[in-house]
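Following: one structure in structure tokens, then a few remarks.
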2 protein chains.
Amino acid sequence: MPRRIDAEARTEAIAEASLRVLERDGLAGLSVRGVAAEAGIAAASLRRAFATQHALREYCLQLIEDRVTARVAALELTGRALVDELLLQLLPLDKERRMELVAQVQLGVLSLTDSELRPAAIRLSDAVDRACGAAIQILTEAGQFSRGRDPQYEAQRLRALLDGIAMHGLWSGELPDASPMLSMLARHLDELAGP
Amino acid sequence: MPRRIDAEARTEAIAEASLRVLERDGLAGLSVRGVAAEAGIAAASLRRAFATQHALREYCLQLIEDRVTARVAALELTGRALVDELLLQLLPLDKERRMELVAQVQLGVLSLTDSELRPAAIRLSDAVDRACGAAIQILTEAGQFSRGRDPQYEAQRLRALLDGIAMHGLWSGELPDASPMLSMLARHLDELAGP
DNA sequence: TCCTTATTAGTACGAGTGTACTCATAAAAT
DNA sequence: ATTTTATGAGTACACTCGTACTAATAAGGA
């Protein structure tokens with residue numbers, strides 16, 4: 001019957017264009033016409049995929065969560081090496097991860113004053129929380145987490161530290177030097193194995 | 001001769017209105033007309049104090065830095081108690097500090113894609129860095145910083161942790177419960193005294 | 001009182017915004 | 001070949017935006 005269209009691929013392509021726009025131009029550039037131009041489609045087509053601006057912004061957060069989750073799920077490692085790679089997925093170490101983080105921060109800050117967007121932002125934040133909790137558990141199972149430490153506290157502290165390192169990475173240039181972020185994270189994880 | 005006006009108080013009052021607008025309505029609300037209404041003055045008067053939007057945004061960051069600096073300088077404490085209070089000035093523990101932090105994050109995120117605003121944002125960030133370095137030094141002088149630890153690394157880690165805790169505090173409701181933030185920070189500082 | 005200045009209200013311009021249409025075209029399934 | 005649908009380009013509306021004016025008013029020093 002109709003002209004079939006892969007709606008899912010369309011929406012994803014649009015959201016990916018949105019992430020590029022968010023990194024290049026910030027929130028002010030996330031307009032219907034701007035994103036449509038970046039995606040190479042007509043504004044009316046974008047409007048068919050996302051009926052409102054809110055739907056587009058919400059899906060962007062969802063896409064970021066999906067992409068990070070997919071990368072983490074694809075890791076074929078165990079123990080400390082897995083933890084390292086897991087946490088590295090949340091730092092701006094390459095262009096893709098930096099783009100995701102910038103977009104996440106932009107939309108997250110918007111959600112501070114846009115109550116409609118808050119649930120989606122909180123969903124993403126909770127996913128990061130779970131990842132940090134999982135990291136601590138993996139370390140524990142690998143015997144690299146001191147029995148004298150409080151897993152719940154350390155998971156929260158790891159989360160805070162990770163956010164702080166990521167923020168600092170965003171501010172220190174287009175593509176920040178990876179080593180300071182890596183070494184700080186590694187040093188902190190090393191410490192968790194000790195008393 | 002002329003009608004005298006306290007220009008400094010004017011600009012400061014406008015910037016304070018801007019912080020209120022930033023917390024309530026976000027970056028989208030930081031418009032000439034919106035800020036003027038919040039400050040209770042005419043838009044043309046605001047335009048006399050700040051010739052461009054950029055000047056207004058830049059001064060907002062400056063005001064935040066000045067206010068935090070003033071609060072820190074007013075602390076009449078020593079040792080660990082000083083460090084505690086010093087760092088608490090950078091967490092959203094009451095309405096004023098939350099407002100400053102929200103405004104700082106909003107403008108900071110804007111500075112990611114607005115190169116004109118970056119210098120001011122970096123200035124503020126550097127001030128926080130210095131505060132964390134000073135905190136470590138105070139602990140050292142008070143004998144509450146283990147000789148086995150690396151002061152520079154701990155200063156950076158403290159900075160990252162502080163940012164992460166602050167971010168988490170911003171997301172967990174209008175006025176987050178203070179105790180989780182306080183206890184995490186205190187626990188971390190306690191640890192620095194040990195090996 | 002006079003003179004200088006700041007503030008105010010109002011208007012205007014060009015641009016960009018979200019949203020909502022129309023209409024012709026291209027493509028796929030029947 | 002016909003029918004069904006999504007796309008593309010364009011237009012429109014009512015807003016808000018930053019910026020730049022004008023003219024009238026208010027206030028304080030000489």
Side-chain angles (χ1 to χ4, degrees), chain A residues 1-18 20-22 24-61 106-107 109-111 113-117 120, chain B residues 1-18 20-22 24-61 106-107 109-111 113-117 120:
Chain A
M1 311 156 178
R3 173 180 185 177
R4 98 177 172 81
I5 176 72
D6 190 341
E8 201 166 329
R10 231 319 146 74
T11 57
E12 194 171 315
I14 292 174
E16 277 172 0
S18 299
R20 290 195 296 274
V21 170
L22 276 176
R24 181 169 14 96
D25 307 320
L27 271 174
L30 196 71
S31 64
V32 176
R33 297 163 179 81
V35 173
E38 174 70 29
I41 63 174
S45 302
L46 189 152
R47 238 41 219 320
R48 183 175 306 270
F50 296 99
T52 67
Q53 280 297 95
H54 168 255
L56 174 60
R57 298 195 270 237
E58 203 168 34
Y59 188 83
C60 285
L61 286 173
Q106 302 257 13
L107 293 171
V109 164
L110 176 62
S111 83
T113 52
D114 182 344
S115 56
E116 280 196 302
L117 202 58
Chain B
M1 308 166 174
R3 175 178 184 177
R4 96 178 172 81
I5 176 71
D6 190 341
E8 201 167 330
R10 232 317 147 73
T11 57
E12 193 172 316
I14 293 174
E16 277 171 0
S18 299
R20 290 195 296 274
V21 169
L22 276 177
R24 181 171 13 96
D25 307 321
L27 269 174
L30 195 70
S31 64
V32 175
R33 297 164 179 82
V35 172
E38 173 71 28
I41 63 173
S45 302
L46 190 151
R47 240 36 223 317
R48 184 173 306 270
F50 296 98
T52 67
Q53 281 296 97
H54 169 254
L56 174 60
R57 299 196 271 238
E58 202 167 35
Y59 188 83
C60 285
L61 286 172
Q106 303 258 13
L107 292 171
V109 164
L110 175 61
S111 83
T113 53
D114 183 345
S115 57
E116 278 195 304
L117 202 58

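So that the names make sense, note that chain A is the first sequence line, chain B the second, and so on, each numbered from 1.
Taking atom CD on B:Glu116 and atom C1' on D:dG18, their separation rounds to 14 Å, with Å as the unit. One interatomic measurement links the two molecules: CD1 of A:Ile14 to P of D:dA6, which rounds to 14 Å at whole-angstrom precision. Taking atom NE2 of B:His54 as the reference point, atom C1' of D:dT19 lies 16 Å away to the nearest angstrom. Taking atom CZ of B:Arg48 as the reference point, atom C1' of C:dT4 lies 13 Å away to the nearest angstrom. Look at CD on B:Gln53: it is 15 Å from C1' on C:dG16, rounded to the nearest Å. Atom CG of A:Leu27 is separated from atom C1' of D:dC17 by 16 Å (rounded to the nearest Å). For the pair B:Phe50 CZ and D:dG18 C1', the interatomic distance rounds to 16 Å; values are reported in whole Å. Rounded to whole angstrom, the span from the CG atom of B:Leu46 across to the C1' atom of D:dC17 amounts to 14 Å.
The side-chain heavy atoms of B:Arg10 and B:Ser45, taken from C-beta on, include a pair separated by under 4.5 Å. Residues A:Val109 and A:Leu27 fail the side-chain proximity criterion, which asks for heavy atoms closer than 4.5 Å. Residues B:Thr113 and A:Arg24 form no side-chain contact, since every pair of their non-hydrogen atoms from C-beta on lies 4.5 Å or further apart.
Residue B:Ser31 places at least one side-chain N or O closer than 4.0 Å to OP1 or OP2 of D:dC17. The shortest distance between the side-chain N/O atoms of A:Ser45 and the OP1/OP2 oxygens of D:dG8 is below 4.0 Å. One finds a side-chain N or O of A:Arg10 lying less than 4.0 angstrom from the OP1 or OP2 phosphate oxygen of D:dT7. In this model, the phosphate group of C:dT7 is not approached by any side-chain N or O of B:Arg47 to a distance below 4.0 Å at OP1 or OP2.
Interatomic distance, CZ of A:Arg47 versus CD of A:Gln53, reported as 6.5 Å (0.5 Å rounding). Distance check, rounded to the nearest 0.5 Å: OH of B:Tyr59 to OG1 of B:Thr11 gives 4.0 Å.
Axis angle across the helix from C:dT1-D:dA30 to C:dT30-D:dA1, with five pairs used at each end and values rounded to 10°: 10°.
A:Leu56 comes within contact range of no nucleotide atom at all, as no heavy-atom separation falls under 4.0 Å.
Applying the side-chain hydrogen bond (donor to acceptor under 3.5 Å, both in side chains) criterion to B:Arg33, with sequence neighbours excluded, gives no partner residue.
For the pair B:Leu46 and B:Ala36, the tightest heavy-atom approach, listed with the atom from each and the gap, is CD1-N, 3.6 Å.
For the pair A:Val32 and A:Ala44, both in contact range of DNA chain C, the more 5′-proximal nearest nucleotide belongs to A:Val32.
Closest contact between the side chain of A:Ala42 and the listed nucleotides C:dT8, D:dT7, D:dG8 involves D:dG8. Candidate nucleotides D:dG8, D:dT19, D:dC21 were compared by shortest atom distance to the side chain of B:Thr52, and D:dT19 ranks first.
Judged by distance alone with a 3.5 Å cut-off, a donor-acceptor contact links the side chain of B:Arg33 to the base of D:dT19.
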